[in-house]
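Just so it is clear, the values below take in all heavy atoms, side chains as well, and ignore hydrogens, waters and symmetry mates.
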Amino acid sequence: MNILVVGGGGREHAITEALSRSRKDPSLYAVMSKKNPGIAQLCEDFLLEKETNVEMVVEFAVRNNIQIAVIGPEAPLAAGLADALEEAGISVAGPKKAVAEIEFNKAWARNFMKDNNIAGCPEFGVFNEKAPMYAFIEKLGDVAVKPAGLTGGKGVKVMGDQLPDLDAAKEYAASLLVGDSVVVEENLWGEEFTLQAFVDGEHLAFMPTVQDHKRAFESDLGPNTGGMGSYNAPGGILPFLIEDDVNQAKQIMKDTVAALKKVTGVGYKGALYGQFMITAKGPRVIEFNARFGDPEAMNVLPLLEADYVDVLSAIVTGTLDKHDVKFSRKATVCKYAVPAGYPDNPTRDREVIVGDIGEALLFYSSVYENDNKVYTTGSRAVAVVGVADSIARAEEIAQNALENITGDLHSRRDIGTRDLIQKRIDHMNAIRGN
């Protein structure tokens with residue numbers, strides 16, 4: 001089988017690596033804007049092209065007799081790549097534009113949740129003018145401010161250290177009004193977690209829960225990033241969650257898939273990502289993404305025990321319910337090395353040298369290869385993943401690997417550590433009143 005992976009980041013490297021382990025021995029192809037060396041070495045052929053150049057991607061897919069395409073990033077989904085590939089006779093494990101809107105239009109997503117009585121929707125408003133927006137900010141008093149469109153995970157700011165007061169919230173919201181709508185929401189208090197699922201249009205196969213770390217610096221300080229690292233626990237439920245939290249989140253995602261089909265007439269196919277905040281009142285939806293998370297894909301795909309080619313085939317044929325999609329009951333810790341100064345003023349074109357990373361898995365992200373050397377682009381560079389029977393051992397494996405990668409790089413040492421996880425547990429105990 002010929003399979004195409006669209007995208008050239010760490011998420012897509014994880015997807016390609018998981019496909020390369022298939023017993024079906026698929027022939028792999030890729031389209032990416034820059035040469036990711038990890039993806040390139042696993043592929044029969046690849047095209048260096050913007051993933052949003054729909055015509056060129058479809059032409060490459062047709063020329064190579066692709067049977068299934070997997071779309072990694074959100075931008076080509078928003079550009080309608082899944083629709084165009086389907087029209088060319090190629091099955092796609094990625095949602096069509098009508099349902100991918102749940103990610104690339106946050107205003108649409110919130111109104112969709114409200115109109116369809118999807119649980120977990122915070123109080124919100126969508127604005128195109130300053131006066132009513134300011135009044136709503138004053139009314140809520142504690143807010144999160146989001147641009148309606150895609151921002152690579154970096155556009156959301158919340159009151160606290162990012163927006164110290166109402167005036168700062170208003171000023172930031174006003175700056176986003178230029179060329180876009182603004183979503184203002186109640187600021188949710190609790191602990192974030194990610195729940196992802198394979199979806200075939202109707203059925204969902206859930207993955208282990210993961211916690212991402214968006215802030216650039218240790219102790220969850222600094223600006224938001226695309227994600228500095230993440231971890232999961234043995235058995236699939238994070239230490240600060242209880243089973244009922246996860247069951248409620250699963251039901252929200254099931255209801256969302258059913259409502260998307262009802263509203264658009266299009267079945268959602270691919271990976272659905274739910275970003276949740278577990279609060280005193282249960283899980284609340286921060287956002288949905290229409291694809292795997294990055295870095296969360298690097299936590300769950302190495303644990304996938306089912307053959308990924310079989311999973312993709314089930315997604316495109318609507319037969320996920322006929323498959324037992326199992327994940328290993330192990331812990332993983334993923335840590336990113338990013339360019340110094342990331343995300344606000346990152347260095348670029350600096351060499352990344354990977355030494356002895358021991359037992360860890362290595363995933364190249366936003367890098368490029370030239371003369372057999374790897375260089376940074378200004379975004380997240382390379383991720384390492386420890387896999388073990390405990391979070392502590394997985395963290396040790398990941399940190400050891402990170403210390404053997406050199407360059408003008410920065411990373412967070414605290415992801416997956418006992419102290420930070422205990423802080424999460426204590427926080428949730430306090431919120432639950434335990």
Q) Is there a side-chain contact between Glu395 and Ser390, using heavy atoms and a 4.5 Å cut-off? A) no
**Q.** side chain to side chain donor-acceptor pair (under 3.5 Å) against Arg21, all qualifying residues, sequence neighbours excluded
**A.** Glu17
May I have the list of side-chain donor-acceptor pairs in residues 302-310 shorter than 3.5 Å, sequence neighbours left out?
residue: Asp307; atom: OD1; partner: Ser22; partner atom: OG; Å: 2.7
residue: Asp307; atom: OD1; partner: Val309; partner atom: N; Å: 3.0
residue: Asp307; atom: OD2; partner: Ser22; partner atom: OG; Å: 3.1
residue: Asp307; atom: OD2; partner: Arg23; partner atom: N; Å: 2.9
residue: Asp310; atom: OD1; partner: Lys24; partner atom: NZ; Å: 2.4

(Q) Quick check: do Ser91 and Leu312 have side-chain heavy atoms less than 4.5 Å from each other? (A) no
Q.
Any heavy-atom pair between the side chains of Val143 and Glu186 that's under 4.5 Å?
A. no
Q) With no hydrogens and no angle check, is any side-chain donor or acceptor of Asn345 less than 3.5 Å from a backbone partner on Gly341? A) no
Q) Below 4.5 Å, heavy atoms only, C-beta onward: do Met207 and Leu195 meet side chain to side chain? A) no
Q: Compare all side-chain heavy atoms of Ser33 with those of Leu48 and state whether any distance is below 4.5 angstrom.
A: no
Q: Applying side chain to side chain donor-acceptor pair (under 3.5 Å), name anything that partners Lys97, two or more places apart in sequence or on another chain.
A: none
Q | Pair Asp371 + Lys373, salt bridge at N-O below 4.0 Å | A | no
Q: To the nearest 0.5 Å, tell me how far Phe193 CZ sits from Ile286 CD1.
A: 9.0 Å
Q: May I ask you to establish whether Lys35 and Tyr368 are in a cation-pi arrangement, using a distance under 6.0 Å from NZ or CZ to the six-membered ring centre and at most 45° from the ring axis?
A: no
**Q.** Residues which pass ring pair (Phe, Tyr, Trp, His ring centres under 6.0 Å) with His203, listed by chain and number, not counting sequence neighbours
**A.** none
Q: Answer with yes or no after comparing the ring centroid distance for Tyr273 and Phe288 against a 6.0 Å cut-off, counting only values under it.
A: no
Q.
Please enumerate all residues that pass side chain to side chain donor-acceptor pair (under 3.5 Å) together with Thr209, with sequence neighbours excluded.
A. none
Q.
So, using side chain to side chain donor-acceptor pair (under 3.5 Å) as the criterion, who are the partners of Gln399 when residues are at least two apart?
A. Lys335, Glu403
Q) Going through the checks in order, is the side chain to side chain donor-acceptor pair (under 3.5 Å) test met by Ser379 and Thr377? A) CA-CA 6 Å; Ser379 190; Thr377 65; 5.5 Å; no
Q. Does a side-chain N-to-carboxylate-O contact under 4.0 Å join Glu185 and Lys146?
A. yes
Q) How are the rings of Tyr364 and His13 set relative to one another: parallel (under 30°), tilted (30 to 60°) or perpendicular (over 60°)? A) parallel
Q. Going by heavy atoms in the side chains, are Val338 and Thr225 under 4.5 Å from each other?
A. no
Q: Identify which one of Glu103, Arg110, Gln275 satisfies the side chain to side chain contact (heavy atoms under 4.5 Å, CB included) criterion when paired with Glu287.
A: Gln275
Q) Okay, side chain of Gln162, backbone of Pro223: is any donor-acceptor separation there less than 3.5 Å? A) no
